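Notes to accompany the following structure.
All residue numbers refer to positions in the sequence shown, counting from 1. Quick caveat, the model's predicted, so the values are computed rather than measured.
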Amino acid sequence: MNEATGKKRAEVLDLLWGLYRNDKLISHGIMVNPKGYLLSKASSSMGARYAMSYSGKYLPIRIRKRDEKTDLALWQITDSSKLWPFADWHNDLNKTKIGNWAISGNKDLSGLTFGVISAKSRSIGREGGVMGVILEESNSSTKGIKVLEVLPHAAGDRGGLKVMDRIIRVDGRTVRTTEQIYEIVKKKDPGDLLTLSIQRRKKESLLRITLGHREVAFDMFNRNLLMSGPVSKRKDNFPMILQHDLPLFKEMMGGGIFDLNGYCVGINIARIDRVTSYALPTPVVLPVLNKWIKELP
């Protein structure tokens, strides 16, 4: 495959950068404009201080734009007046059919990694956060809602919830039914904080729960997930995604995914597990990017 890409290998790698915070790689980025503008995954790249090219250049960067809907961020190299090589795009979903080859840079940008588009393009809805607990079914209770089961290593377990605890208040609101708790939780995202007032052995205490991802909580013993390693914090609520099987780490989100001719067909946006990653296709990326470029000097 490296021979098949030929000189395109160097051309692709020349577009990709690693974004660093405290000397630690936190995301990849792709050069999208000759003035030194880099596109990356916003929730992964926040706090980045400099970018490193595959050739080993370290350059300071600053954030210029961020879009919550797509989780994209635009960065700019700050101390260089040179014109940079930037990505060419394929803005056609027909170029990313199931089974088509796709390439991206490896973690340290020393070479390429290969895979295929593995599923049909589609939107990904909002998942919502979960505690990873099973509650009693209660139409109304003045004594709080009893916790029947706490899944090991899930958010509730990490936050200190135990079986037989009674949840009295959630985020300061008194709850008398299980449905009230579900309604509050489903409006929050993975990573959000939930404050619980609980009663345990007639003593009231306060717990702070950082909500987790649904599939991680309820598939905790799934062998594939256990083997996957760290996944992206944000993995849902995207208007459209390309699903592919390139072996990427979560720190490689924000980089481009390319066809074999070196055209960028999307931006890697979420690592789901060891065999599944999502990319935002160019029809989603380009309207956001073009708007930003017009607004900047």
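Between L161 and L196, the closest side-chain pair of non-hydrogen atoms falls below 4.5 Å. Proximity of L242 to L93: side-chain heavy atoms (C-beta onward) are separated by under 4.5 Å at one or more points. At least one side-chain heavy atom of L109 sits less than 4.5 Å from a side-chain heavy atom of H28. Contact of the K8 side chain with the L260 side chain is not registered, since no non-hydrogen atoms from C-beta on lie closer than 4.5 Å. Counting heavy atoms from C-beta outward, L248 and T113 have side chains that approach closer than 4.5 Å. Put simply, the side chain of I77 does not reach to within 4.5 Å of the side chain of Y37, judged on heavy atoms. Considering only heavy atoms from C-beta on, W89 comes within 4.5 Å of V285 through its side chain. Annotation: side chain of V185 is in contact with side chain of L194 (closest heavy-atom distance under 4.5 Å).
Separating the CE atom in M31 from the CH2 atom in W75 is a distance of 13.5 Å, to the nearest 0.5 Å. Distance OG/S104 to CG/L16: 6.0 Å, rounded to 0.5 Å. One finds the CZ atom of R166 at 9.5 Å from the CD1 atom of I168 (value rounded to the nearest 0.5 Å). Taken from CH2 in W17 to CG in L39, the straight-line distance is 15.0 Å, to the nearest 0.5 Å.
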Output side-chain donor-acceptor pairs under 3.5 Å for residues 67-74, partner residues at least two apart or in another chain, one line each.
from, atom 1, to, atom 2, distance (Å)
D67, OD2, T70, N, 3.0
D67, OD2, T70, OG1, 2.6
D71, OD1, S43, N, 3.0
D71, OD1, S43, OG, 3.3
D71, OD2, K41, NZ, 2.7
D71, OD2, S43, OG, 2.7

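Screening residues 102-123 for salt bridge (Lys or Arg N to Asp or Glu O under 4.0 Å) gives K107-E251 as the qualifying pairs, with residues at least two apart or on separate chains.
Using a 4.0 Å cut-off between charged nitrogen and carboxylate oxygen, K187 and E183 do not count as a salt-bridge pair. Contact check on D236 versus R126 returns no salt bridge, with no Lys/Arg side-chain nitrogen under 4.0 Å from an Asp/Glu carboxylate oxygen.
A cation-pi contact, defined as under 6.0 Å to the ring centre and within 45° of the axis, is absent between K294 and W292.
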For the pair T174 and R169, evaluate side chain to side chain contact (heavy atoms under 4.5 Å, CB included) and give the outcome as yes or no after the intermediate values.
CA-CA 4 Å; T174 299; R169 287 181 294 277; 3.7 Å; yes

Check the pair E137, K146 against salt bridge (Lys or Arg N to Asp or Glu O under 4.0 Å), reporting the backbone distance first and the verdict last.
CA-CA 9 Å; E137 292 297 329; K146 187 187 296 184; over 6 Å; no

Could you please spell out the steps behind the side chain to side chain contact (heavy atoms under 4.5 Å, CB included) verdict for L38 and V32?
CA-CA 6 Å; L38 293 164; V32 293; over 6 Å; no

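In this structure, the side chain of T177 engages the main chain of Q180 through a donor-acceptor pair within 3.5 Å. The main-chain N or O of G47 is found under 3.5 Å from a side-chain atom of R49 such that the two form a donor-acceptor pair. Between the side chain of N106 and the backbone N or O of G111, at least one donor-acceptor pair lies under 3.5 Å. At distances below 3.5 Å, not a single donor-acceptor pair connects side-chain atoms of N261 with backbone N or O atoms of Y263.
Judged purely by distance below 3.5 Å, without hydrogens or angles, the side chains of S40 and S27 pair a donor atom with an acceptor atom. There is a side-chain donor-acceptor pair under 3.5 Å between N268 and H244.
By the rule that hydrophobic residues join a cluster once side-chain heavy atoms approach within less than 4.5 Å of another member, L246 and F114 end up as members of separate clusters. Cluster annotation: I269 is connected to V284 through the hydrophobic network of ILVMFWY side chains, with a link wherever side-chain heavy atoms come within less than 4.5 Å. The same ILVMFWY cluster, assembled from side-chain heavy atoms under 4.5 Å apart, contains both F86 and L19. Residues L211 and I198 share a hydrophobic cluster, clusters being chains of Ile/Leu/Val/Met/Phe/Trp/Tyr side chains in contact below 4.5 Å. With hydrophobic clusters built from ILVMFWY side chains whose heavy atoms lie under 4.5 angstrom apart, I30 shares a cluster with L280.
K188 meets the side chain to side chain donor-acceptor pair (under 3.5 Å) test with D171; sequence neighbours excluded. N290 meets the side chain to side chain contact (heavy atoms under 4.5 Å, CB included) test with L286; sequence neighbours excluded. Partners of Q199 by side chain to side chain donor-acceptor pair (under 3.5 Å), not counting sequence neighbours: none found.
Between G191 and T210 the shortest heavy-atom distance is O-CG2, 3.6 Å. For L151 against D157, the heavy-atom pair with the smallest separation is O-CB, 3.4 Å. In plain terms, the two heavy atoms of M252 and G105 that are nearest each other are CE-O, 3.2 Å. Scanning both residues, S118 and D245, for their nearest heavy atoms gives OG-N, 3.9 Å. Listed here is the closest heavy atom pair of A102 and I257: CB-CD1, 3.6 Å. The two residues T282 and C264 come nearest to each other via the heavy atoms CG2-O, 3.4 Å.
Hydrophobic clustering, defined by side-chain heavy atoms of Ile, Leu, Val, Met, Phe, Trp and Tyr closer than 4.5 Å, groups Y20 together with L25, Y50, M52, Y58.
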